[in-house]
2 protein chains.
Amino acid sequence: MKKAAATRLNILQKAFGLIYEKGYQTTSVDDILATTGVTKGAFYYHFKNKDEMGVAIINELLKPSFAGSFIRPLQANGDPVDIIYDMMYDILMKNKFMKVEYGCPAANLTLEMAPWHHDFTKALNELSDQWKKGITDIIKKGKKAGLIRPDVKPEQVAVFVMSGYWGIRNIGKLSNNKAVYLVFLQQLKTYLETLR
Amino acid sequence: MKKAAATRLNILQKAFGLIYEKGYQTTSVDDILATTGVTKGAFYYHFKNKDEMGVAIINELLKPSFAGSFIRPLQANGDPVDIIYDMMYDILMKNKFMKVEYGCPAANLTLEMAPWHHDFTKALNELSDQWKKGITDIIKKGKKAGLIRPDVKPEQVAVFVMSGYWGIRNIGKLSNNKAVYLVFLQQLKTYLETLR
DNA sequence: ACAAAAACATACTAACCGGTATGTTTTTAA
DNA sequence: TTAAAAACATACCGGTTAGTATGTTTTTGT
């Protein structure tokens with residue numbers, strides 16, 4: 001049962017790449033078969049339909065990768081302002097998988113699938129909630145440690161920071177120019193400093 | 001030549017509604033014919049193909065509507081902080097056309113079409129640039145009038161505010177709950193106040 | 001009134017879509 | 001070793017897609 005698992009993973013990874021670049025609806029099963037070399041029989045042995053594969057991509061590839069880049073950095077000890085800024089800088093400027101012209105896979109899937117594909121939306125909502133909780137928690141911790149002003153509302157900051165991220169991905173995709181990331185990051189820094 | 005123009009406009013408006021709700025790729029020409037009552041011959045008399053209709057929607061419907069809601073409010077005289085906040089409040093909370101579950105049509109089209117449909121991207125980029133210029137200009141004006149701190153960078157503010165908007169539309173679409181708009185608006189207010 | 005052009009209607013096509021039916025090969029467990 | 005189950009391969013299908021070919025009707029200018 002080793003080879004089969006490799007076939008499944010191959011499908012998921014290649015399909016993820018195609019969907020990231022072209023979108024879910026415009027990536028056909030035949031496209032996936034062509035770039036993987038897998039046949040239709042094998043594909044439908046591993047997934048009962050295309051949507052099940054899509055949800056598997058979110059849960060088995062997107063979610064773990066998201067946890068590593070978006071959640072784990074927030075669990076470090078230190079100054080919340082620095083940690084949030086560094087997380088954002090790393091995601092936008094250092095991540096090797098995401099390209100400015102293709103945006104963020106989670107954002108792409110959200111806008112393409114919501115509100116029609118409930119399974120997708122549910123899985124993506126979990127990602128969003130995790131990130132929100134991570135940011136909220138580190139702000140709360142910072143308030144207790146006296147690193148963040150007492151009047152700062154953690155949930156508001158989380159929603160505001162997240163909005164900025166999804167949005168700058170959109171702007172980046174539109175302008176196809178990573179320079180907007182830097183402009184955004186500078187003002188994010190300025191904003192975060194006001195929380196001290 | 002009056003009836004023909006009405007047919008054309010009918011197609012554009014109904015198609016715009018369908019595309020806003022379902023997405024461009026998943027709205028078929030037959031869908032549009034069904035909801036308009038227009039026949040295929042009429043459709044392809046007015047537009048040489050589906051994409052040409054899509055670009056016409058952006059230029060003839062989206063762009064004017066965008067100008068009214070996103071650009072014009074910024075040209076008023078007054079306090080930039082208030083004007084920007086009020087504009088955002090009106091767009092998010094008062095606009096009758098946009099629904100939280102469907103997001104913002106401009107953002108939807110951007111994420112669905114970029115970077116593959118150059119005609120769409122170009123038209124959408126013009127919208128984005130206009131908005132950016134509007135925000136940048138009013139911040140500059142505010143600096144000259146002493147209403148905005150001298151060290152504030154207008155372009156950074158514009159990009160940051162725009163990012164927040166696109167992003168909160170994404171989050172709203174995902175959560176299907178207008179309450180996140182209010183959370184965002186509160187923090188936007190807090191942020192904008194720091195520019196004084 | 002009438003010819004020409006504009007506007008619309010109907011029937012069709014070729015390509016593609018997700019999915020299935022029915023095989024064959026490979027792996028696993030006894 | 002061998003039979004059963006897992007894994008994969010091939011051919012096909014009905015439905016949908018954007019777009020076209022070929023009409024008919026309506027409007028327009030003279």
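Per chain, numbering begins at 1; letters A, B, ... match sequence-line order. Atom set for the values below is all heavy atoms of this structure, side chains included, hydrogens, waters and symmetry mates excluded. The structure displayed is predicted, hence computed values, not measured ones.
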ask   = Do A:Q186 and B:F160 come within less than 4.5 Å of each other through their side chains, counting heavy atoms only?
value = no

Side chain to side chain, A:L62 and A:L124, heavy atoms closer than 4.5 Å = yes

If the threshold is 4.0 Å, N to carboxylate O, is there a salt bridge linking [X] and [Y]?
| X | Y | answer |
| --- | --- | --- |
| A:R196 | A:D82 | yes |
| A:D30 | A:K50 | no |
| A:K133 | A:D129 | no |

inquiry  = Here's a test for you: under side chain to side chain donor-acceptor pair (under 3.5 Å), which of B:E60, B:H46, B:Q13 qualifies with B:R8?
reply    = B:E60

remark   = Rounded to whole Å, CD of B:Q25 lies from P of C:dC16 at a distance of 16 Å

query = Taking atom C1' of C:dG18 as reference, at what distance in whole Å does atom NE2 of A:H46 sit?
reply = 18 Å

Sorted by number, the residues of residues 28-44 of chain B with heavy-atom contact under 4.0 Å to DNA chain C = B:T39, B:K40, B:G41, B:A42

Looking only at the side chains, is there a donor atom on one of [X] and [Y] sitting less than 3.5 Å from an acceptor on the other?
| X | Y | result |
| --- | --- | --- |
| A:Y191 | B:Q187 | yes |
| B:E193 | B:Y85 | no |
| A:Q25 | B:Q25 | no |
| A:S28 | A:D31 | yes |

query = Among residues 48-55 of chain B, which residues get a heavy atom nearer than 4.0 Å to DNA chain D?
reply = B:N49, B:K50

Tabulate protein N/O versus nucleotide N/O from nucleotides 3-5 of chain D, keeping only pairs under 3.5 Å, one per line.
none

